Amino acid sequence: MKRSHFFIPTQKEVPQDAEIVSHQIMIKGGYIRKTAAGIYTLLPIALKIQKKIENIIRKHMNAAGAYEIYMPVLSPAELWMETGRYQIYGKELMRIKDRHDRDFVLGPTHEEIVTDIVRKNIKSYKELPVCLYQIQTKFRDEVRPRFGIMRGREFTMKDAYSFDASPEKAVESYLKMEKAYNDIFSELELEYSEVEAQSGPIGGSTSKEFMVHASSGEDKILSCARCGYAANIEKAGAKYDNPDEPLKELAEAETRDKKSVEDVAAFMNMKPEKIIKTIIAKTEKGFRALLLRGDRELNTEKAKAALGLLEIVFATEAEIEKITKAPQGFSGPVGLEDIPVIADVSLQGLRNAAAGANKKDMHFLNVNAERDFRVEEYADIAFAKEGDACVKCGGELRSFSGIEVGHIFVLGTKYSKSMSARFLDENGKEQIYHMGCYGIGVGRTMASVIEQKYSQDKGMYWPSCIAPFDAEILVMNCKNEDAVKAGQALYEKMKAAGLDPVIDERNINAGIKFAESDLLGTPFRIVLGNRFLETGKYEVLKRKTFEKTEMTEEEVMALFG
RNA sequence: CGGGGUGUAGCGCAGUGGCUAGCGCGCUUGGUUCGGGACCAAGAAGUCGCUGGUUCAAAUCCAGCCACCCCGACCA
């Protein structure tokens, strides 16, 4: 491709709303343009890269035995009503009506559609397992799209769905996908971690996320350097250690106007770890008292999962007063008889703690579980944090940020059950499919590569398997015919060798060529300048290592093996 | 959806009641440069987000609407 005839509209300044590196580079470098909020047009180089990423995904999905299909973007509302997601999905689901006033949705994911296909077409255990995938445009009417194509309302996703005869077989399918995902992200030269994740509204039991390491990532991950445990902070657990000590006698203390844990701790000159924080929560099954150690925050996602609840919200002040007979800030478990008391695991073994007395301006001292109040259940309901002890091995947890580029789930029978997707087993008995689902954000993966591979002083580097071109030839002085001819000769030679080079033969300032080259990030930059005219050698920059070498034509061609 | 903010040339911005709406970058033409977004000169480019109102006069004041952005809960 000749740079003079290719559509790469670069710009020197970027719009103010581009906050993260990948968004900035994609606008600056002429990769994408915004069409509406969260909706982008991919320009030629971004499309080229995306297609290469798609093909790498295809290669590994096919190798894992999955079959590519293509389901419609538009699907009838009835399928979504079968599983109840037409209601549950909420406003994020794009809904439209056809000319007959029938309801349709623009697919945000395809469990319903694929389950419908499978239930109508697979009837025997002999045909299992089956794993179907597609690469397609998805629609999610995000409340707040941001960061360019990182979180758009329309985006490209690879979604795969496995169907198995038993839970054990479903796990086998899941493990195959896990391997395929590791192969994919490794080939893309991404630094990433596979972390335990909360399943959330898609449902299912086991789930892992593939997190690309990036400071701009929206997810927080805790990981243990000693044993390798890693989990999304939404899910991560920790071990807690409370010093053993002889029980002291329960006592009351006046704590006028001291409501928050910090205030109480400071006032009583004790560590927040010695205070029991009591949260009155409203759930779909009624009110609950949730106890946390004073240095902990409630993690509603973990709490929902641990307690089998769908909704947990904080009670209002009026509700708190009604239940505890005291104003907000003085709630405590002692004497709280009317609602179930659930304690976070951080409270196990805590002795002689302070807690609200369910009386205005009063706290109890030397509160001890079992002796002074009854705990219905200990559950893991608090956020773990950096510095905590690893749940698996007790090592120290470190925190980092990540971009979620992939997510794999064991789904169980959530969809097959509600949609009556059945097959006949060896005994001629009807059984329900055990499913799994597996997603990769394709555009997001492309953006993640930029987040990781772009640097201010060295520019962009695209790994050769997905680079927009194999190499870029920069002819520095385009008024010099010899230089232009030599550049073009090399360009033709590379093309003849089956390579996909780009040549910048525009008669423009050198600075612009270098700046734009840094935005394009081809694995090799081959410069023909004055040195070339003197020595006949090309200056080659290998972007992966940022090494500069002078090379003969033969050596240049040898780079591509 | 809650809170905050912004809409003026392709991009970044200035212009708070006054006559022809500016500046930098980018773009076009000519010239000089020619290894890190260079310089000189001449140009083209705007329904001042939309609708309505106040006024002799509105980008500027008022109202409504729309779009976009930032902070939260959600997700590939």
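Computed from a prediction, not measured in an experiment: that's the story for all the values here. Letters A, B, ... are given to chains in the order of the sequence lines, protein chains preceding strands, and every chain is numbered from 1.
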Rounded to whole Å, please give me the gap between [atom1] in [X] and [atom2] in [N].
X	N	atom1	atom2	result
A:Glu142	B:C70	CD	P	13 Å
A:Gln198	B:A73	CD	P	15 Å
A:Asp17	B:C69	CG	P	6 Å
A:Phe147	B:C71	CZ	C1'	11 Å
A:Tyr192	B:A76	OH	C1'	16 Å
A:Lys28	B:G37	NZ	C1'	9 Å
A:Asp159	B:A76	CG	P	11 Å
A:Glu297	B:A73	CD	P	12 Å

At under 4.0 Å between heavy atoms, what does [X] touch on the DNA or RNA strands: base, sugar-phosphate, or nothing?
X	result
A:Met211	nothing
A:Asp219	base
A:Leu519	base
A:Gly459	nothing

Whom does [N] pair with, Watson-Crick or G-U wobble, provided both distances fall under 3.5 Å?
N	value
B:U29	B:A41
B:A59	none
B:A76	none
B:G24	B:C11
B:U47	none
B:A67	B:U6
B:U16	none

Using the [atom1] atoms only, state how far [M] lies from [N], rounded to an integer number of Å.
N	M	atom1	value
B:U16	B:C75	P	47 Å
B:G49	B:C34	P	45 Å
B:G22	B:C48	C1'	12 Å
B:G17	B:U29	P	42 Å
B:U28	B:C69	P	30 Å
B:G26	B:G46	C1'	16 Å
B:G7	B:C50	P	14 Å
B:G30	B:G24	C1'	22 Å

**Item:** RNA chain B: 5'-proximal contact among A:Glu234 and A:Gly38 (nearest heavy atom)
**Value:**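 Taking each residue's closest nucleotide, the earlier one in sequence belongs to A:Gly38.
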**Request:** For A:Arg444 and for A:Val14, locate the closest nucleotide of RNA chain B by heavy-atom distance; then report the residue assigned to the nucleotide nearer the 5' terminus.
**Result:**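 Upstream on the strand: A:Val14.
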**Asked** Are A:Lys34 and A:Asp17 close enough for a salt bridge, meaning some N to O gap below 4.0 Å?
**Response**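 Yes, charged N to carboxylate O under 4.0 Å.
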**Asked** Can we say A:Glu196 and A:Lys208 salt-bridge, meaning some charged N sits less than 4.0 Å from an Asp/Glu carboxylate O?
**Response**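 Salt bridge flag = no for A:Lys208 with A:Glu196.
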What N/O pairs connect the protein and nucleotides 33-35 of chain B at under 3.5 Å? Give each pair on its own line.
unit_1: B:C34; atom_1: N4; unit_2: A:Lys479; atom_2: NZ; d: 2.7
unit_1: B:G35; atom_1: O6; unit_2: A:Gly529; atom_2: N; d: 3.4
unit_1: B:G35; atom_1: N1; unit_2: A:Glu539; atom_2: OE1; d: 2.8
unit_1: B:G35; atom_1: N2; unit_2: A:Glu539; atom_2: OE1; d: 2.8
unit_1: B:G35; atom_1: N2; unit_2: A:Glu539; atom_2: OE2; d: 2.9

Report yes or no: do [X] and [Y] form a side-chain donor-acceptor pair below 3.5 Å?
X	Y	value
A:Ser75	A:Trp80	yes
A:Ser401	A:Lys220	yes
A:Tyr415	A:Arg85	yes

**Item:** Cation-pi check, A:Lys138 onto A:Phe155 ring (under 6.0 Å, within 45° of axis)
**Value:**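 Judged by the rule, A:Lys138 and A:Phe155 form no cation-pi pair.
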**Over-ring placement of A:Arg525 relative to A:Phe514, 6.0 Å and 45° cut-offs** =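 No.
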**Closest to the A:Glu13 side chain, choosing from B:G37, B:C68, B:C11** =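 Comparing B:G37, B:C68, B:C11 against the side chain of A:Glu13, the answer is B:C11.
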**Message:** As a test of reading the structure: which of B:C68, B:G72, B:G37 is closest to the side chain of A:Ala515, going by heavy atoms?
**Reply:**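 Side chain of A:Ala515 sits closest to B:G37.
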**Request:** Applying side chain to side chain contact (heavy atoms under 4.5 Å, CB included), run through A:Met81 and A:Glu112 and close with a yes or a no.
**Result:** CA-CA 9 Å; A:Met81 289 171 179; A:Glu112 281 81 356; over 6 Å; no
**Request:** Tell whether A:Arg153 reaches the base of B:C75 with its side chain through a donor-acceptor pair below 3.5 angstrom.
**Result:**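 No.
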With a cut-off of less than 4.0 Å, is there a side-chain N or O of [X] near OP1 or OP2 of [N]?
X	N	answer
A:Lys12	B:G10	no
A:Arg146	B:C71	yes
A:Arg144	B:A73	no

**Item:** Which atom of A:His60 lies closest to which atom of A:Ala180, heavy atoms considered
**Value:**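 Nearest heavy atoms, A:His60 then A:Ala180: O-CB, 3.9 Å.
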**Prompt:** Does the side chain to side chain contact (heavy atoms under 4.5 Å, CB included) test come out yes or no for A:Gln136 and A:Met157, once each step is laid out?
**Reply:** CA-CA 6 Å; A:Gln136 191 199 42; A:Met157 180 164 120; over 6 Å; no
